[in-house]
S.K.: 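I'd like to ask you about the structure that follows.
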There are 2 protein chains.
Amino acid sequence: MKNSLHLQVITYTLMTDKKEKILQSALVLFANEGVSATSTNKIAKLAGVSEGLIFRHYKSKKGLLNAIIENAEQKVNILFGDIMMQTDPKSVILKTIEFPFLIKKSEYNYWKLQFKLKWEEEYNNPNKMKPLLDKLTWAFTQLNYDFPALEAQYMLQTLESISTEILKGNLTNQQQFKQFLIHKYSA
Amino acid sequence: MKNSLHLQVITYTLMTDKKEKILQSALVLFANEGVSATSTNKIAKLAGVSEGLIFRHYKSKKGLLNAIIENAEQKVNILFGDIMMQTDPKSVILKTIEFPFLIKKSEYNYWKLQFKLKWEEEYNNPNKMKPLLDKLTWAFTQLNYDFPALEAQYMLQTLESISTEILKGNLTNQQQFKQFLIHKYSA
DNA sequence: AATTTAATAGTGAGTACTTACTTATTATAG
DNA sequence: CTATAATAAGTAAGTACTCACTATTAAATT
């Protein structure tokens with residue numbers, strides 16, 4: 001079979017099986033070993049494909065990375081979108097707290113890669129969080145918090161670190177911790 | 001000059017200038033470009049030494065990394081030690097909050113490297129924080145918080161994320177944020 | 001104090017192997 | 001038949017590391 005139809009929540013994409021296999025294999029390696037530590041040779045072997053095919057489909061190693069990042073950003077936007085569309089301030093807080101705990105195990109590698117890349121200047125874009133930060137500031141304002149902007153910043157930072165710990169496998173008491181946060185914000 | 005005397009707060013170490021230069025150059029590159037992305041050739045050039053000298057002094061690239069990590073851990077222990085020796089629960093909280101804001105610019109690379117390495121399974125050791133976690137749990141217990149263990153975990157995570165943002169250069173309102181946290185814990 | 005001996009610091013060219021990427025060629029689908 | 005998918009076999013530059021060698025310093029012996 002040369003082509004297969006893959007449903008991605010936002011767009012339909014036609015991708016050959018092998019092209020897709022390359023993407024998945026690269027994701028696994030990039031996320032767990034790091035981009036520089038992953039050779040195109042390794043990717044090809046894991047994907048069961050000739051090395052040349054990577055370059056036919058993605059032009060360069062960086063092109064492959066960018067393709068993965070685009071995929072990853074879709075997944076972020078889906079979860080973010082759910083928060084952004086809330087109209088009740090309490091729901092905004094609640095959804096935001098729930099956010100790190102909603103990350104599916106099957107998508108860990110996407111998130112791992114994204115968090116790792118934040119350490120590379122080229123891919124670290126703090127402004128990407130701006131809309132969510134504004135939404136949270138609005139929510140805390142509605143709820144009459146003393147320093148809504150700082151509260152928003154505080155919450156975002158906490159959530160980033162919680163996500164990080166979950167992805168590293170360090171947060172063993174996830175549900176307990178989630179309840180604790182909800183209780184703390186009486187959300 | 002072959003040898004120079006370097007005062008390191010815990011031990012005195014005799015190191016040749018070039019050996020020291022290798023260490024510093026490697027730190028800069030490891031912290032900012034990543035370990036795998038840094039070649040021994042690059043390190044040698046930045047240090048202004050022959051590549052072979054790296055291996056004479058540190059045996060391998062990994063040996064060099066380990067030497068840097070040892071140095072870095074000393075710096076962590078100094079800051080941690082200050083918190084651990086506090087006897088008043090409020091002081092424990094206050095010192096802990098102040099912790100990320102005490103990181104000197106001149107030592108950013110040490111911390112950057114350590115935080116980056118937490119993503120590599122080999123170097124990620126969550127138990128290293130255990131003593132501090134216990135101390136914080138004790139402090140929150142003394143202060144009659146409802147869930148001292150969770151509060152401690154929460155605070156540690158917050159601090160990790162603040163440190164991270166500072167090191168990435170994303171936290172522009174450091175003093176404001178620090179005051180906000182102190183106010184929040186009335187510390 | 002002078003001279004030999006030993007040890008360490010440092011170099012530069014070379015090692016086998018890996019890297020990202022290319023090119024020529026063949027297979028396969030519509 | 002044509003266009004694209006896929007491969008195998010390249011390439012030049014880079015990789016961590018070694019080796020044979022020299023330079024510098026310290027220690028031991030006169």
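All values derive from a computational prediction rather than experimental measurement. Just so you know, these numbers use all the heavy atoms, side chains as well, and skip hydrogens, waters and symmetry mates. Proteins get letters first, then strands, A, B, ... in listed order; numbering begins at 1 in each.
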S.K.: Report the distance from atom NZ of A/K62 to atom P of C/dT19, rounded to the nearest whole Å.
M.R.: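 Roughly 19 Å, once rounded to whole Å.
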S.K.: Specify the separation, in whole Å, of atom CG of A/L53 and atom C1' of C/dT26.
M.R.: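 That distance rounds to 14 Å.
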S.K.: Given 3.5 Å as the limit, does a donor-acceptor pair link the side chain of B/S161 with the main chain of A/Q157, or not?
M.R.: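 The answer is yes, because a donor-acceptor pair under 3.5 Å joins these two groups.
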S.K.: NZ of B/K59 versus C1' of C/dT8: gap in Å, rounded?
M.R.: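 It is 17 Å, rounded to the nearest whole Å.
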S.K.: Is A/K112 reaching over with its side chain to a backbone N or O of A/A31, donor-acceptor style, under 3.5 angstrom?
M.R.: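 The answer is no, because no donor-acceptor pair under 3.5 Å joins these two groups.
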S.K.: Of the options D/dT7, C/dA20, C/dT11, whose atoms approach the side-chain atoms of A/K18 most closely?
M.R.: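 Nucleotide nearest to A/K18's side chain: D/dT7.
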S.K.: Per the side chain to side chain donor-acceptor pair (under 3.5 Å) rule, what does the pair list look like for residues 93-105 of chain A, sequence neighbours excluded?
M.R.: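 Found A/D82-A/K95.
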S.K.: Please determine, for the side chain of A/N41, which listed nucleotide (C/dT19, D/dT7, D/dA16) has the closest atom?
M.R.: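 When the side chain of A/N41 is considered, C/dT19 is the closest of C/dT19, D/dT7, D/dA16.
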S.K.: For A/V35 and for B/G52, find the nucleotide of DNA chain C with the closest heavy atom, then tell me which residue's nucleotide is more 5'.
M.R.: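 Closest to the 5' end, via its nearest nucleotide, is B/G52.
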S.K.: So what does B/T40 touch, heavy atoms closer than 4.0 Å: a base, only the sugar-phosphate, or nothing?
M.R.: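 Here B/T40 touches the bases of the nucleic acid.
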S.K.: Can you tell me the distance, in whole Å, between the CG atom of A/L64 and the P atom of C/dC21?
M.R.: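 For the pair A/L64 CG and C/dC21 P, the rounded distance is 10 Å.
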S.K.: Using only side-chain N and O atoms of B/S39, determine if any of them is under 4.0 Å from OP1 or OP2 of D/dT15.
M.R.: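 For D/dT15, OP1/OP2 do have a side-chain N/O of B/S39 under 4.0 Å.
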S.K.: Please confirm whether the shortest side-chain N or O distance from B/H57 to OP1 or OP2 of C/dT8 is below 4.0 Å.
M.R.: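 For B/H57, the contact criterion (side-chain N or O under 4.0 Å from OP1 or OP2 of C/dT8) is not met.
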S.K.: Base, sugar-phosphate alone, or nothing: which one does B/S36 contact when heavy atoms must sit under 4.0 Å apart?
M.R.: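 Nothing: the residue B/S36, judged by heavy atoms under 4.0 Å, touches no strand.
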S.K.: Kindly say whether B/K19 contributes a backbone atom to a donor-acceptor pair with the side chain of B/Y58 at under 3.5 angstrom?
M.R.: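 Here the side-chain-to-backbone pair exists.
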S.K.: Evaluate the ring planes of B/Y185 and B/F140, with Trp represented by its six-membered ring, and classify them as parallel (under 30°), tilted (30 to 60°) or perpendicular (over 60°).
M.R.: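 Because their plane-to-plane angle lies in the 30° to 60° range, the rings of B/Y185 and B/F140 count as tilted.
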S.K.: B/F55 has an atom CZ; how far is it from atom C1' of C/dT8, in whole Å?
M.R.: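 Those two atoms, CZ and C1', are 19 Å apart.
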S.K.: In this structure, would B/F99 and B/M85 fall into the same cluster of hydrophobic residues linked by side-chain contacts under 4.5 Å?
M.R.: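 In one cluster: no.
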S.K.: Checking A/K18 side chain against A/S50 main chain: does a donor-acceptor pair fall under 3.5 Å?
M.R.: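 Side chain of A/K18 to backbone of A/S50, a donor-acceptor pair under 3.5 Å: no, none is there.
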S.K.: Using atom NZ of B/K42 as one end and atom P of C/dT19 as the other, report the distance to the nearest whole Å.
M.R.: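 For the pair B/K42 NZ and C/dT19 P, the rounded distance is 16 Å.
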S.K.: Ignoring the backbone of A/R56, work out which of D/dT15, C/dG10, D/dA5 is nearest its side chain.
M.R.: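 Per side-chain heavy atoms of A/R56, the pick is D/dA5.
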S.K.: Using whole Å, what does the distance between atom C1' of nucleotide C/dA20 and atom CD1 of A/I22 come to?
M.R.: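 One finds 14 Å between C1' of C/dA20 and CD1 of A/I22, rounded.
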S.K.: Between protein and nucleic acid, restricted to nucleotides 14-16 of chain C and to nitrogen or oxygen atoms under 3.5 Å apart, what atom pairs and distances do you find?
M.R.:
none

S.K.: Take the protein atom OH of B/Y58 and the nucleotide atom P of D/dA16, then report the distance between them rounded to whole Å.
M.R.: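 So the OH-P distance, B/Y58 to D/dA16, works out to 17 Å.
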